[in-house]
*Asks:* 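Got a structure here, written out as structure tokens. Questions coming.
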Amino acid sequence: MKKIAVLTSGGDAPGMNSAIRAIVYSAAGLKIEVLGILRGYEGLIDWDTKELGLEEVRNINNCGGTILYSSRSDRFLQKEYRKKPSTRKIYACKYAPCVDTAGPRRKADL
């Protein structure tokens, strides 16, 4: 089965949960599994994930913030953290959409 991972980065903003929900619903229609990366890039470094299915995102658009939590990551700006084995697991996923509210930032150069 194909797999994608989604993370939220930057500060919380209206619509982040709705974006996550839209990703999961679209993926489900295409028979694609979705992993949610918790705590933004910090969760990517530590590989803190959870499966996201239709049941997990059913009513999240009514919740504030983001169900995946969000963080800015100073560690991710350091190359050695982007090269950690846990960070490399992202390559098991075909795509990794990022819902980001921080504006233009350094790209996620893995």
Side-chain angles (χ1 to χ4, degrees):
M1 176 177 246
K2 292 182 182 176
K3 185 183 295 191
I4 63 172
V6 62
L7 66 89
T8 53
S9 176
D12 292 345
M16 292 182 92
N17 281 332
S18 295
I20 295 166
R21 183 176 182 265
I23 290 166
V24 172
Y25 269 72
S26 295
L30 298 170
K31 306 281 191 254
I32 298 172
E33 184 180 330
V34 180
L35 277 179
I37 300 174
L38 302 173
R39 303 177 297 112
Y41 288 108
E42 286 293 312
L44 180 59
I45 292 169
D46 301 329
W47 201 245
D48 188 6
T49 64
K50 73 176 187 177
E51 297 278 334
L52 293 178
L54 297 177
E55 196 58 40
E56 287 79 18
V57 300
R58 176 152 295 151
N59 292 312
I60 65 169
N61 53 326
N62 297 323
C63 302
T66 164
I67 63 159
L68 297 177
Y69 309 106
S70 186
S71 69
R72 293 184 174 92
S73 176
D74 291 331
R75 288 193 305 163
F76 197 78
L77 297 176
Q78 300 170 27
K79 193 167 192 154
E80 66 266 18
Y81 287 106
R82 293 194 307 270
K83 300 299 180 186
K84 280 185 65 175
S86 59
T87 307
R88 308 310 270 170
K89 290 180 184 177
I90 197 72
Y91 290 113
C93 301
K94 181 76 172 165
Y95 300 101
C98 176
V99 181
D100 191 347
T101 63
R105 298 223 9 183
R106 184 179 304 195
K107 68 177 183 167
D109 181 16
L110 298 174

*Asks:* For N17 and C63, work out which heavy atoms get closest and say how close.
*Replies:* ND2-O, 3.2 Å

*Asks:* What is the distance from atom CG of L38 to atom CG of L44, rounded to the nearest 0.5 Å?
*Replies:* 11.5 Å

*Asks:* Applying salt bridge (charged side-chain N to carboxylate O under 4.0 Å, His left out), can you list everything that pairs with R39, at least two apart in sequence or on another chain?
*Replies:* D46, D48

*Asks:* If you measure from CD1 on I20 to CD1 on I67, what distance do you get to the nearest 0.5 Å?
*Replies:* 5.0 Å

*Asks:* Pick out which of I37, I23, L35 makes a side-chain contact (heavy atoms from CB on, under 4.5 Å) with V6.
*Replies:* I23

*Asks:* Mind checking the OH-CG spacing from Y81 to D74? Nearest 0.5 Å is all I need.
*Replies:* 10.5 Å

*Asks:* Any chance you could measure T66, atom OG1, to Y69, atom OH, to the nearest 0.5 Å?
*Replies:* 9.0 Å

*Asks:* Could you tell me which non-hydrogen atom of S9 sits nearest to which non-hydrogen atom of S70, and how far apart they are?
*Replies:* C-OG, 3.3 Å

*Asks:* Under 3.5 Å, which donor-acceptor pairs do the side chains of residues 49-62 form with other protein atoms, sequence neighbours left out?
*Replies:*
residue	atom	partner	partner atom	Å
E55	OE1	R58	NH1	2.9
E56	OE1	G53	N	2.7

*Asks:* State, to 0.1 Å, how close V34 and A27 come at their nearest heavy-atom pair, and which atoms those are.
*Replies:* CG2-CB, 3.4 Å

*Asks:* Please name all residues satisfying side-chain hydrogen bond (donor to acceptor under 3.5 Å, both in side chains) with E42, sequence neighbours left out, ordered by chain then number.
*Replies:* S73, R75

*Asks:* Scan for salt bridge (Lys or Arg N to Asp or Glu O under 4.0 Å) pairs involving residues 14-28, sequence neighbours excluded, and state none if there are none.
*Replies:* none

